[in-house]
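Right, one structure below, let's go through it.
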Amino acid sequence: MSDNNSLNALIEGLRRLPGVGVKSASRMAFHLLQHDRAGAQLLAQALQQATTQIRHCTRCHTFTEKEVCDTCTDPRRDAAKLCVVETPADQAALERTAAYQGLYFVLMGKLSPLDGIGPKDIGLSKLFERATDGVVQEVILATNFTAEGEATAHVIAEALKARGLKVTRLARGVPAGSELEYVDLGTIAHALVDRR
C-alpha cells in the first residue's frame with residue numbers, strides 16, 4: 001500500500017496513542033475510512049480544536065481553555081488544602097469521586113532520574129511557591145504508588161515539611177469489595193502498616 005500516504009499517515013498518527021500498536025491502529029483507520037467517515041471528520045475536528053484551544057491553567061497546571069481553570073476560581077473550594085497529582089487525568093479521577101473540595105497542583109509528571117526528569121522538569125519550584133503562599137495549610141500528596149511516584153512524594157514531603165507545612169499522603173491498602181486471597185502481597189503489607 002505504498003501509494004496510500006494518507007492512510008499510512010493516519011495509521012502512524014493512531015499508533016502514537018498509548019497501548020495502540022500497528023494492528024490496532026490499522027483496524028481503527030480502516031474502520032473510520034470504510035464505515036464512519038463522519039466520525040473520522042468529527043474526530044479530526046475535535047483533535048484540531050483541542051490542540052489549539054486547550055492550555056495549562058496558570059495556577060494549577062491542569063487543562064483548561066481559560067487562563068485559570070474553573071476549579072481554581074471556584075470560591076466554594078477549600079483553598080487551605082492543596083492536592084498534588086501527577087497528571088490532569090489523575091485530577092479528573094479525583095474530581096469524579098466528589099470526595100475532595102480543595103484545590104490542586106498538577107505536576108505534569110514524576111521524578112525519574114533514569115529518564116532525565118528532575119525537579120525543574122515537573123515544576124517543583126512553582127509547587128513550593130504555591131504551597132507556601134500563606135493560604136495553604138495542608139498538602140495532600142496523591143502521586144501514584146509506583147517507584148517514581150513514591151520518590152516524587154518523598155521529595156515533596158521532605159521539602160514542604162522543612163517549610164513547616166502539614167503534609168499527608170493518600171492512604172493505600174486493600175480495595176473495597178476485594179477478597180484477601182486475591183490481593184497482591186505488597187498491597188496487603190502496606191494495608192497492615194497503614195492500618196487505622
Side-chain angles (χ1 to χ4, degrees), residues 1-74 77 83-101 103-118 120-123 142-153 170 172 174-179 181-184 186-187:
M1 300 184 64
S2 59
D3 62 335
N4 287 322
N5 292 333
S6 296
L7 177 59
N8 291 334
L10 175 58
I11 292 169
E12 284 305 308
L14 291 168
R15 281 188 61 202
R16 297 182 72 112
L17 295 170
V20 177
V22 176
K23 287 184 180 182
S24 294
S26 295
R27 278 194 300 272
M28 287 182 220
F30 283 114
H31 171 79
L32 288 169
L33 294 174
Q34 186 173 352
H35 301 292
D36 194 6
R37 286 201 177 231
Q41 285 292 330
L42 186 65
L43 179 61
Q45 290 168 358
L47 282 169
Q48 181 64 37
Q49 184 175 351
T51 57
T52 58
Q53 299 294 320
I54 295 176
R55 63 177 113 181
H56 293 285
C57 173
T58 57
R59 191 154 160 74
C60 75
H61 294 165
T62 197
F63 291 138
T64 183
E65 291 185 21
K66 304 172 187 172
E67 182 85 13
V68 179
C69 72
D70 290 341
T71 303
C72 286
T73 57
D74 186 346
R77 304 297 289 219
C83 183
V84 178
V85 294
E86 291 179 18
T87 66
D90 294 337
Q91 177 192 359
L94 283 171
E95 278 297 286
R96 284 192 301 272
T97 69
Y100 176 70
Q101 292 302 312
L103 296 175
Y104 293 92
F105 188 89
V106 181
L107 292 172
M108 300 309 295
K110 57 193 169 275
L111 294 175
S112 182
L114 293 176
D115 296 321
I117 300 172
K120 291 180 183 176
D121 300 309
I122 62 171
T143 56
N144 292 314
F145 291 105
T146 61
E148 294 89 355
E150 291 283 359
T152 303
L170 279 188
R172 59 184 160 195
V174 179
S178 63
E179 297 180 29
E181 68 179 294
Y182 301 115
V183 177
D184 69 275
T187 301

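Being a predicted model, the structure only gives us computed values, none of them experimental.
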Ignoring hydrogens and angles, write down the donor-acceptor pairs under 3.5 Å from the side chains of residues 143-150, residues two or more places apart or on other chains.
{"unit_1": "Thr143", "atom_1": "OG1", "unit_2": "Gly149", "atom_2": "O", "d": "2.9"}
{"unit_1": "Thr143", "atom_1": "OG1", "unit_2": "Arg169", "atom_2": "NH1", "d": "3.1"}
{"unit_1": "Thr143", "atom_1": "OG1", "unit_2": "Arg169", "atom_2": "NH2", "d": "3.3"}
{"unit_1": "Asn144", "atom_1": "ND2", "unit_2": "Glu86", "atom_2": "OE1", "d": "3.0"}
{"unit_1": "Thr146", "atom_1": "OG1", "unit_2": "Gly149", "atom_2": "N", "d": "3.0"}
{"unit_1": "Glu150", "atom_1": "OE2", "unit_2": "Arg172", "atom_2": "NH1", "d": "2.4"}

Show which side-chain atoms of residues 16-34 pair as donor or acceptor with protein atoms under 3.5 Å away, not counting sequence neighbours.
{"unit_1": "Ser24", "atom_1": "OG", "unit_2": "Arg27", "atom_2": "NH2", "d": "3.3"}
{"unit_1": "Ser26", "atom_1": "OG", "unit_2": "Val22", "atom_2": "O", "d": "2.9"}

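Asn4 contributes no side-chain N or O that, together with a main-chain N or O of Leu7, makes up a donor-acceptor pair within less than 3.5 Å. A donor-acceptor pair under 3.5 Å links the side-chain atoms of Asp184 to the main chain of Gly186, judged by distance alone. Side chain of His61 to backbone of Val106: a donor-acceptor contact under 3.5 angstrom is found.
Distance check, rounded to the nearest 0.5 Å: CZ of Arg77 to OH of Tyr100 gives 7.0 Å. Here the straight-line distance linking atom CG of Asn5 with atom CG of Leu10 works out to 12.5 Å at 0.5 Å rounding. Atom CE of Met108 sits about 11.5 Å away from atom CD1 of Ile117, to the nearest 0.5 Å. Between the CD atom of Glu95 and the OG1 atom of Thr97 there is a distance of 7.5 Å, given to the nearest 0.5 Å. The line from SG of Cys69 to CD of Gln91 is 6.5 Å long, rounded to the nearest 0.5 Å. The CD1 atom of Ile122 sits 12.0 Å away from the OG1 atom of Thr87 when rounded to the nearest 0.5 Å.
Between Ala151 and Leu111, the closest heavy-atom pair is O-CD1, 4.4 Å. The minimum heavy-atom distance between Leu94 and Ala142, with the atom names listed, is CD1-CB, 4.1 Å. Shortest non-hydrogen contact noted between Cys60 and Tyr104 is CB-O, 3.1 Å.
A salt bridge does not link Glu67 with Arg59: none of the charged nitrogens is closer than 4.0 Å to a carboxylate oxygen.
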